[in-house]
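Values below: all heavy atoms of this structure, side chains included; hydrogens, waters and symmetry mates excluded. Per chain, numbering begins at 1; letters A, B, ... match sequence-line order.
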Amino acid sequence: MPELPEVETIVRALRKPLVGRSFSKVTVLWPNSIKTCVKTLKSELPGKKIQSIERRGKYLRFNLSDNHTLFLHLKMSGDLLVASKNDASDPYARTIFSFKDGNELRFRDTRKFGSVHLVKNVNKVIGNLGPEPLDKSLTAQSFIELFQNRRGTLKPLLLDQTFIAGLGNIYVDESCFLSKIRPTKKVERIKPKELMTLYKAIQKVLTKAIKHNGSSFDSVYRGGNFQNHFAVYGRTNEPCIKCKSLIKRVILGGRSTHFCPNCQK
DNA sequence: CTAAAATCCTGGTGGC
DNA sequence: TGCCACCAGGATTTTA
């Protein structure tokens with residue numbers, strides 16, 4: 001399930017082969033992936049040039065000529081591969097973006113949750129996203145202020161992309177472990193000092209994960225190996241790396257949640 | 001406001 | 001060995 005570090009890894013890998021290229025054709029193999037008008041996508045994209053590629057939260061953002069922006073979201077099982085049109089076809093390719101030079105960008109997505117958006121106004125896609133956890137503008141002070149007047153359970157709040165953008169199930173659990181805070185804790189009971197610790201933990205976990213090119217599992221593989229560094233995620237009933245207590249698993253907001261009952265308060 | 005449940009999907013898993 | 005019910009899970013929508 002690609003989260004911020006996986007999307008960042010993919011964006012970095014796509015820049016070299018794609019920036020400067022112009023689209024020639026779009027082949028839509030699973031129309032439900034396209035969240036904007038399919039006809040418009042097919043008629044407008046050909047001829048547009050990729051000027052730059054960025055990440056915003058878990059979205060890939062392609063800044064195109066003529067003030068258009070293409071957004072891709074990988075959701076659970078999406079991946080992006082650059083291939084030649086002569087390469088073997090991919091049964092899980094849902095949208096194929098062809099370029100004039102014979103190469104293509106293949107949006108593959110086994111579970112079909114991913115999305116494609118072609119817009120002029122970027123706010124239609126990313127207008128409600130919360131701050132970037134690794135952006136310099138998110139200071140410790142402004143991070144703590146995000147929690148003002150918020151109530152409820154910590155984990156669902158951190159998963160809320162309008163609260164903070166880019167965190168998913170894995171990195172929330174890992175950040176909570178590193179900050180020694182239980183994901184089940186009520187945010188109104190978390191002290192500013194603990195929030196400071198959480199702020200640093202989120203940055204540390206994400207930075208380390210990016211350094212490892214993200215995590216490789218489910219259907220996404222980018223050579224990342226951060227999955228070998230999980231402290232709690234997927235380690236139910238295994239000993240805590242710090243204290244040997246058995247890692248607990250509970251369901252929170254419908255998602256499996258892992259924590260050390262001894263280290264995390 | 002918080003939050004739970006349903007929704008979209010399919011490969012993998014566990015039970016028998 | 002084979003069949004099948006079941007499940008994860010990001011974000012959105014619906015319902016409380």
*Do R150(A) side-chain and dA3(B) base share a donor-acceptor contact under 3.5 Å?*
no
Salt bridge [X]-[Y], side-chain N to carboxylate O under 4.0 Å:
| X | Y | answer |
| --- | --- | --- |
| R55(A) | E8(A) | yes |
| R108(A) | D90(A) | yes |
| E3(A) | K58(A) | no |

I need the [atom1]-[atom2] distance between [X] and [N], as an integer number of Å.
| X | N | atom1 | atom2 | answer |
| --- | --- | --- | --- | --- |
| L158(A) | dA3(B) | CG | C1' | 15 Å |
| E188(A) | dA3(B) | CD | C1' | 13 Å |
| K186(A) | dT2(B) | NZ | C1' | 9 Å |
| N128(A) | dT13(C) | CG | P | 11 Å |
| F163(A) | dT2(B) | CZ | C1' | 13 Å |
| R255(A) | dA5(B) | CZ | C1' | 12 Å |
| D109(A) | dA11(C) | CG | C1' | 13 Å |
| L74(A) | dC9(B) | CG | C1' | 16 Å |

OP1, OP2 of [N] versus side-chain N and O of [X]: anything below 4.0 Å?
| X | N | answer |
| --- | --- | --- |
| T110(A) | dC9(B) | no |
| H73(A) | dG10(C) | no |
| S77(A) | dG11(B) | no |
| K75(A) | dG9(C) | no |
| N32(A) | dC9(B) | yes |
| K112(A) | dT10(B) | yes |
| Y92(A) | dG11(B) | yes |

*asked:* Test side-chain contact (heavy atoms from CB on, under 4.5 Å) on F259(A) and I181(A); report intermediate values, then the result.
replied: CA-CA 9 Å; F259(A) 65 94; I181(A) 303 171; over 6 Å; no
Selection from [options] that lies nearest to any side-chain heavy atom of [X]:
| X | options | answer |
| --- | --- | --- |
| R151(A) | dA11(C), dT2(B), dA3(B) | dT2(B) |
| R249(A) | dA8(C), dC9(B), dA11(C) | dA8(C) |
| Y233(A) | dC9(B), dG9(C), dT12(C) | dG9(C) |

Under 4.0 Å, heavy atoms only, any strand: does [X] hit a base, just the sugar-phosphate, or nothing?
| X | answer |
| --- | --- |
| G152(A) | sugar-phosphate |
| T153(A) | sugar-phosphate |
| G253(A) | sugar-phosphate |

*Given R182(A), which of Q264(A), K265(A), K248(A) fulfils the side-chain contact (heavy atoms from CB on, under 4.5 Å) condition?*
Q264(A)
*Only one of D173(A), I170(A), V172(A) passes side-chain contact (heavy atoms from CB on, under 4.5 Å) with H258(A); say which it is.*
D173(A)
*Any stacking of F113(A) on dA11(C), going by centres under 5.5 angstrom and planes within less than 30 degrees?*
no
